[in-house]
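Values below: all heavy atoms of this structure, side chains included; hydrogens, waters and symmetry mates excluded. Numbers for residues simply follow the sequence, beginning at 1. Atoms within a ligand are numbered from 1 in the order they appear, just like the ligands themselves.
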Amino acid sequence: MASIDFNQIEYLLAAHYPNQWPEDNVPEVAFAGRSNVGKSSAINAITRRNGLAKTSKTPGRTQQIVFFELAMGSRLVDLPGYGYAKAPEKLRRHWESFITDYLSNREGLCALVIPMDIRRPLTDLDMTMLECCWSNNLAAHVLLTKADKFKRGKAMNVFHSVDRELRSQPRTSVQLFSAQARQGVQEARQALTGFLQDHKLGEPPEDADQPK
Ligand code: GDP
């Protein structure tokens with residue numbers, strides 16, 4: 001499998017409304033996680049581009065979908081963080097409709113990367129995101145972030161218990177990750193490469209050209 005060069009990435013646009021989304025014509029992997037779990041840091045570590053995704057000092061504020069274009073004709077997409085306790089109800093409702101719209105109507109979307117703080121994985125909102133993947137037939141890849149906060153043995157215990165919990169679900173994987181320690185970057189890149197390269201977008205069924 002040819003690898004994708006994740007360093008070759010450029011900011012494309014930030015969208016507040018669906019009519020601002022770029023054309024739905026290439027494979028996309030989107031990142032969605034609770035505010036402050038380390039989503040932006042993960043995107044920056046995977047692309048080796050500090051400052052590409054904005055690490056936010058005011059979690060829950062940015063209600064926009066940010067699209068980044070990879071050189072090989074695919075995209076990474078940064079969805080606004082969810083579950084910020086102090087977010088006003090109106091913002092939360094906007095987030096829900098915004099994200100549901102994107103997750104259910106995007107042909108190019110092949111997978112969701114869901115970063116979860118290793119100290120608090122699988123919250124109710126995380127489970128809702130996972131269920132959203134399962135019901136929309138999207139692959140889900142969980143990053144257990146800030147793994148450097150735990151010693152290796154404890155981190156592995158969390159990994160095994162989350163893996164056990166999710167193992168029976170379709171197209172769902174989990175890994176340890178630390179942007180700070182640069183742990184799991186290569187594994188994450190391999191997962192993304194698999195999702196982006198396996199996704200067949202708008203192709204006719206295999207036997208469409210066969211004479212009847
Ligand atoms: P986001 O809101 O999910 O995009 O999270 P950010 O990437 O902005 O990170 C939130 C906070 O967690 C920041 O203070 C980061 O410095 C910290 N953080 C992010 N990744 C790591 C990590 O791998 N290890 C540790 N210890 N802290 C991290």
Arg152 atom CZ, over 12 foreign heavy atoms within 6.0 Å: no
Non-hydrogen atom of Thr145 closer than 4.0 Å to ligand 1: no
Pair Ser41-Asn44, side-chain donor/acceptor within less than 3.5 Å: no
Polar contact flag for Ser35 and ligand 1 (N/O pairs, less than 3.5 Å): no
Short N or O distance, Ala181 and ligand 1, threshold 3.5 Å exclusive: no
In one Ile/Leu/Val/Met/Phe/Trp/Tyr side-chain cluster, 4.5 Å: Leu52, Phe177: yes
Proximity to ligand 1 by part of Asp148, non-hydrogen separation under 4.0 Å: side chain
Residue Asp124 excluded, over 12 heavy atoms near CG under 6.0 Å: no
Atom indices of ligand 1, in the order listed, that fall short of 4.0 Å to a heavy atom of Ser41: 6 (P), 7 (O), 9 (O), 19 (C), 20 (N)
Option passing side chain to side chain contact (heavy atoms under 4.5 Å, CB included) with Ile9 (candidates Thr47, Ile4, Ile43): Thr47
